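This report concerns only the one structure given below.
Order of appearance sets the numbers: ligands from 1, and atoms from 1 within every ligand. Only heavy atoms go into these numbers, but all of them, side chains included; no hydrogens, no water, no symmetry mates. Keep in mind that this is a model prediction, so the values were computed, not measured.
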Amino acid sequence: MRAYKDLSKEELLCLKAELEKSYEEAKEKGLKLDMSRGKPSKAQLDMGMGIMDVLNSDSDMMAEGGVDVRNYGGLDGITEAKKLMGDLIDVKPENVIVCNNASLTIMYDMVSRSITHGVQGSTPWCRLDKVKFLCPVPGYDRHFAITEHFSIEMINIPMTPDGPDMDLIEQLVSADESIKGIWCVPKYSNPQGYTYSDETVKRFANLKTAAADFRIYWDNAYVVHHLYDDRQDTLLNILEECEKAGNPDLVFEFCSTSKISFAGGGISALASSKGNLDWVRKFLTIQSIGSDKINQLRHVRYFKDMNGIKTHMQKHANLLRGKFEAVEDVLQRELSGLGIGQWTNPNGGYFISMDVLPGCAKDIVAKCKEAGMVLTGAGATYPYGKDPEDRNIRIAPTFPTPEEMAAATDLLVLCVKLVSVDRFLLNKQAAPLAASQHRAVM
Ligand code: PLP
């Protein structure tokens, strides 16, 4: 296949006519496709239904230490749930607080506490003129929504396959006291599926920050979400690295079983140093008289230990792999060599990230919508919904069937081609994509 940049005007016009015909035919099919939802399918949720059977009216409702899970108390979680969630992210139970079903709520609370009361005795952020967060991009829109909600200024940090640009991060945090945090999805990142390298994790742990109350928001949402048995990313333990570096308080780590058990009924956890957790416990005492310990017990009785979680996640992988591969096959077959798009081939997580020609993402998403397919809004993967180059598209293969995913990707590539041809026709000078940092192909 020839790259579009090498086609003459006549060839581009000819191609455009063909593509427009195919697009009209696609529209006539009245498709109803959705590639926007990063959530588990019904079949995936059904795999965890055994969780509903481990407790009934005859069950022993006592957790370790004689804690009756039906009653108040046990503010930071039952002991066995701390162990299970700690094992999930390789952290000691005493460094874990177990919470209700959404890790996003813990993240929101951490920012909120920092604003109203300050981090461990530091000046509350609400008393400061300016508070800033670093945001590796593309990234998770709901992280950015939290910081935007609190009027925290967000600074884009480019991602690479090894993690965010650490030179830039080191330079910024060492010089600017108003930078108080950074959002990280260190394993199978949303949306690219990248995992931070050992060097990146060590550099994070050794950060010298101007602000004493700077914290790394380490959202390990996809820690066991591998797609393959023989191709699995590994991530260094940030808490251990921070401890070694003499920076034990630098990180708040988050995780949940939202994409292990039920997205609407899992359990979540915060892991950090004793100092940070003691600070958080002071707030929890006011906020609640205890979280849902019955669900914690249910999760422990069902999964038992990390082996139980790993076996369960293999079943998920068997279901998800085909969906990811359906997308990758179509992208590879239809776009490689054309110089109009590049994409990631992750070993795990929930997303594939695609970069198209600069200035084309919004038009492609709109064209897909016109033909019956919903994609995550262009720009959603950037703070303030603004992709400065208008080129990133997030693909979420987990919810539809592999057949639907293949049909959806067929339409996506058609729209990518159509919008790109128009771009080259408009401006024959349009620059081809810059040398990619992606692992994947043009
Ligand atoms: N963090 C990341 C990176 C995610 O992609 C998601 C969901 O898509 C979440 C957190 C949400 O997690 P929870 O359901 O525990 O709030």
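- For K259 and Y222, the positive end is not near the middle of the six-membered ring at less than 6.0 Å and at most 45° from its axis.
- Checked against the 6.0 Å centroid threshold, W218 and Y196 count as a close aromatic pair.
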Under 3.5 Å, sequence neighbours excluded: what are the donor-acceptor pairs made by side chains of residues 127-142?
{"from": "K130", "atom 1": "NZ", "to": "E153", "atom 2": "OE1", "distance (Å)": "2.9"}
{"from": "K132", "atom 1": "NZ", "to": "D176", "atom 2": "OD2", "distance (Å)": "2.7"}
{"from": "K132", "atom 1": "NZ", "to": "S178", "atom 2": "OG", "distance (Å)": "3.4"}

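- In terms of the side-chain contact (heavy atoms from CB on, under 4.5 Å) criterion, residue partners of N237 (sequence neighbours excluded) are, by chain and number, D90, L239, E240.
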I'd like a table of the close N/O pairs between ligand 1 and the protein (anything under 3.5 Å), one pair per line with both atom names and the distance.
{"from": "ligand 1", "atom 1": "1 (N)", "to": "D219", "atom 2": "OD2", "distance (Å)": "2.5"}
{"from": "ligand 1", "atom 1": "5 (O)", "to": "N190", "atom 2": "ND2", "distance (Å)": "3.0"}
{"from": "ligand 1", "atom 1": "5 (O)", "to": "Y222", "atom 2": "OH", "distance (Å)": "2.6"}
{"from": "ligand 1", "atom 1": "8 (O)", "to": "Y222", "atom 2": "OH", "distance (Å)": "3.4"}
{"from": "ligand 1", "atom 1": "8 (O)", "to": "K259", "atom 2": "NZ", "distance (Å)": "2.6"}
{"from": "ligand 1", "atom 1": "12 (O)", "to": "S103", "atom 2": "OG", "distance (Å)": "3.4"}
{"from": "ligand 1", "atom 1": "14 (O)", "to": "S258", "atom 2": "OG", "distance (Å)": "2.6"}
{"from": "ligand 1", "atom 1": "15 (O)", "to": "S103", "atom 2": "N", "distance (Å)": "2.8"}
{"from": "ligand 1", "atom 1": "15 (O)", "to": "S103", "atom 2": "OG", "distance (Å)": "2.7"}
{"from": "ligand 1", "atom 1": "15 (O)", "to": "S256", "atom 2": "OG", "distance (Å)": "2.7"}
{"from": "ligand 1", "atom 1": "15 (O)", "to": "S258", "atom 2": "OG", "distance (Å)": "3.2"}
{"from": "ligand 1", "atom 1": "16 (O)", "to": "S103", "atom 2": "N", "distance (Å)": "3.1"}
{"from": "ligand 1", "atom 1": "16 (O)", "to": "L104", "atom 2": "N", "distance (Å)": "3.0"}

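- Sequence neighbours left out, not one pair with a member in residues 358-392 passes ring pair (Phe, Tyr, Trp, His ring centres under 6.0 Å).
- Note: H143 and Y217 fail the aromatic proximity criterion, with ring centroids not under 6.0 Å apart.
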